[in-house]
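Worksheet for the structure shown next.
Side-chain atoms are counted along with the backbone in the values below, which use heavy atoms only and exclude waters and symmetry mates. Counting starts at 1 for both ligands and their atoms, following the listed order.
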Amino acid sequence: MLDKINFEIKERARAVAEEVVRPLASEHDKKQEYPWKVKEALAESGLLKTWIPKEYGGDGLGSVNLCLVVEELSRACGGVGVMFAVNALGSYPIILGGRQDQKEKWLPKIANGEKLISFALSEKLAGSNASDLKTLISKKGEEYIINGDKKWNTNGGVAHYYSVFGVTNPNQVGKPSAISAVIVEKGTDGFEIGKEEDKMGIRCVPVRELYFRNCSVPEWNLLGESEGKGFKIAMETLDHARPGVAAQALGCAQGAFEYASRFASRRRQFGQPIQNHQAIGFLLADMSTRIEAARQLVYESARMIDAADKDPSLKAKANKMAAQGKLFATDTAMWVTTEAVQIFGGYGFMKDYPVEKYMRDAKITQIYEGTNQIQRLVVSRHVAREATSLKFLDQFIPSIDQWIPDELLKEGS
Ligand code: CAA
């Protein structure tokens with residue numbers, strides 16, 4: 001694992017986090033303001049190149065190093081963690097599904113920080129069921145005409161490019177094969193940035209509605225060689241992006257833990273630092289242990305994503321581990337950040353102190369890029385498939401009524 005870690009990039013991310021992100025975190029949170037100064041620092045430090053392949057102006061450092069950067073930024077501010085990572089989410093559809101000429105056009109400008117990008121999949125009526133999209137992308141001559149609304153668009157309004165998913169085959173609405181993806185540039189006629197959400201956490205990054213009314217883009221903007229590839233592109237993108245959400249959660253947990261442990265070493269009650277009371281000391285021990293367990297799973301899942309990019313036979317394993325890492329790290333973050341508030345007591349509940357923000361920022365990580373219920377669905381499907389390879393155990397399990405006959409179990413499917 002250590003061989004995959006670029007310690008130089010970790011240090012660079014930590015420097016931006018401590019010099020620029022942490023001092024501004026509370027102000028951006030209060031004002032719900034996009035952190036332009038942070039964005040400039042990220043571009044200047046070259047961190048926006050991390051995940052972009054070398055051929056297109058990036059550093060080609062893959063998922064493990066993307067996670068390192070997200071963790072360091074989120075340790076100082078969970079909102080900045082996603083404000084950074086959402087550019088990876090938005091650009092993976094191009095990296096994974098785009099043609100070479102499309103990559104050459106869009107990726108270098110994302111790598112050098114000139115352009116920001118976002119991912120427009122969800123709709124009011126299509127969240128967890130991502131194939132139930134209603135936005136139509138209709139071919140007319142040499143153009144695609146887009147009609148529909150998108151919901152929960154992170155980076156909405158500040159992004160210059162939008163990876164937009166919709167239905168190109170209306171006869172198959174509701175089916176994955178109906179879906180395609182196009183890139184829409186900000187300022188295109190018929191594309192309007194809508195309502196800005198007033199959020200519980202990650203307040204420095206905008207979440208907007210997007211409206212498309214007869215919005216026309218060149219057919220060249222369709223990702224991939226043909227229509228109908230959009231759902232697969234979306235799913236593969238989410239596999240690549242979920243370790244990033246997990247790293248965001250990990251950073252939030254680490255950041256809140258550090259504040260809590262420092263506070264516990266200085267706050268005195270009953271004549272001694274509260275850390276010396278077993279109730280608090282053991283709680284900190286459990287927090288530290290769960291964070292470390294999450295860290296190992298997050299980085300191993302990112303390593304598996306990188307490995308599957310080179311060896312497609314590992315894709316199923318990577319899909320499962322990305323879901324497991326996201327599930328475990330985000331549930332851990334919610335628990336750790338809530339306990340950090342508890343350790344601060346009444347101070348923790350107050351906005352003058354930094355820990356309640358970590359709790360608010362952590363909550364969304366259990367929800368977006370696939371709720372943790374969806375992560376459990378993904379993992380449980382793998383577990384069910386993997387059970388077919390455990391047939392050798394049957395001889396040790398006494399047969400019972402209603403035993404499923406061997407021929408109905410699909411081996412390895
Ligand atoms: N990689 C490649 N292909 C995949 C895949 C993957 N990981 N997962 C599924 N597919 C393919 C399947 O092989 C199948 O292909 P065929 O039709 O050729 O057999 C097809 O896609 C359909 O697969 P499923 O039957 O498994 O699809 P499903 O309808 O049961 O849905 C799901 C699966 C996992 C529930 C999916 O809908 C899902 O991930 N839902 C959650 C959506 C989500 O994460 N949304 C987040 C929005 S983005 C966001 O939150 C951003 C933000 O604000 C920052």
Is [atom] in close reach of the protein, with a heavy atom under 4.0 Å away?
atom	value
atom 54 (C) of ligand 1	yes
atom 30 (O) of ligand 1	yes
atom 12 (C) of ligand 1	no
atom 2 (C) of ligand 1	yes
atom 15 (O) of ligand 1	no
atom 18 (O) of ligand 1	no

Please indicate whether [X] has more than 12 foreign heavy atoms, meaning atoms of other residues, nucleotides or ligands, lying under 6.0 Å from its [atom1].
X	atom1	result
R213	CZ	yes
Q342	CD	no
N129	CG	yes
K186	NZ	yes

Region of [X] that comes within reach of ligand 1 [heavy atoms, distance under 4.0 Å]:
X	result
L238	side chain
W152	backbone
T371	neither
S128	backbone
K320	neither

Taking only heavy atoms of [X] into account, list the atoms of ligand 1 that are under 4.0 Å away from them.
X	value
L89	51 (C), 54 (C)
F119	48 (S)
E236	1 (N), 2 (C)
S122	47 (C)
A130	37 (O), 42 (C)
T154	52 (C), 53 (O), 54 (C)

Selected option - heavy-atom contact closest to atom 35 (C) of ligand 1, from T237, L377, N153: L377
Closest candidate by heavy atom, reference atom 39 (O) of ligand 1, pool R242, Q373, Q375: R242
Side chains of Y347 and E356, donor plus acceptor under 3.5 Å: no
Exercise: do Y56 and Q100 side chains pair donor with acceptor under 3.5 Å: no
What do you reckon, does [X] have a nitrogen or oxygen under 3.5 Å from a nitrogen or oxygen of ligand 1?
X	result
Y368	no
G370	yes
N129	no
N319	yes
R381	yes

F119 and V86: CA distance, side-chain angles, deciding distance, side chain to side chain contact (heavy atoms under 4.5 Å, CB included) verdict: CA-CA 8 Å; F119 180 79; V86 74; 5.6 Å; no
R99 to W220 six-membered ring, cation-pi geometry met (6.0 Å, 45°): yes
E369/K326 salt bridge by N-O under 4.0 Å criterion: no
Test: E185 and K105 ion pair at under 4.0 Å: yes
Nearest atoms (heavy-atom pairs only) where A130 meets I179: O-CD1, 4.0 Å
Contact check, G127 vs ligand 1, heavy-atom distance below 4.0 Å: yes
Side chain to side chain contact (heavy atoms under 4.5 Å, CB included) evaluation trace for W51 with Y92: CA-CA 9 Å; W51 68 93; Y92 273 125; 3.9 Å; yes
Full working for salt bridge (Lys or Arg N to Asp or Glu O under 4.0 Å) between K150 and E209: CA-CA 6 Å; K150 290 288 170 185; E209 291 183 354; over 6 Å; no
S45 side chain vs A41 backbone, donor-acceptor pair below 3.5 Å: yes
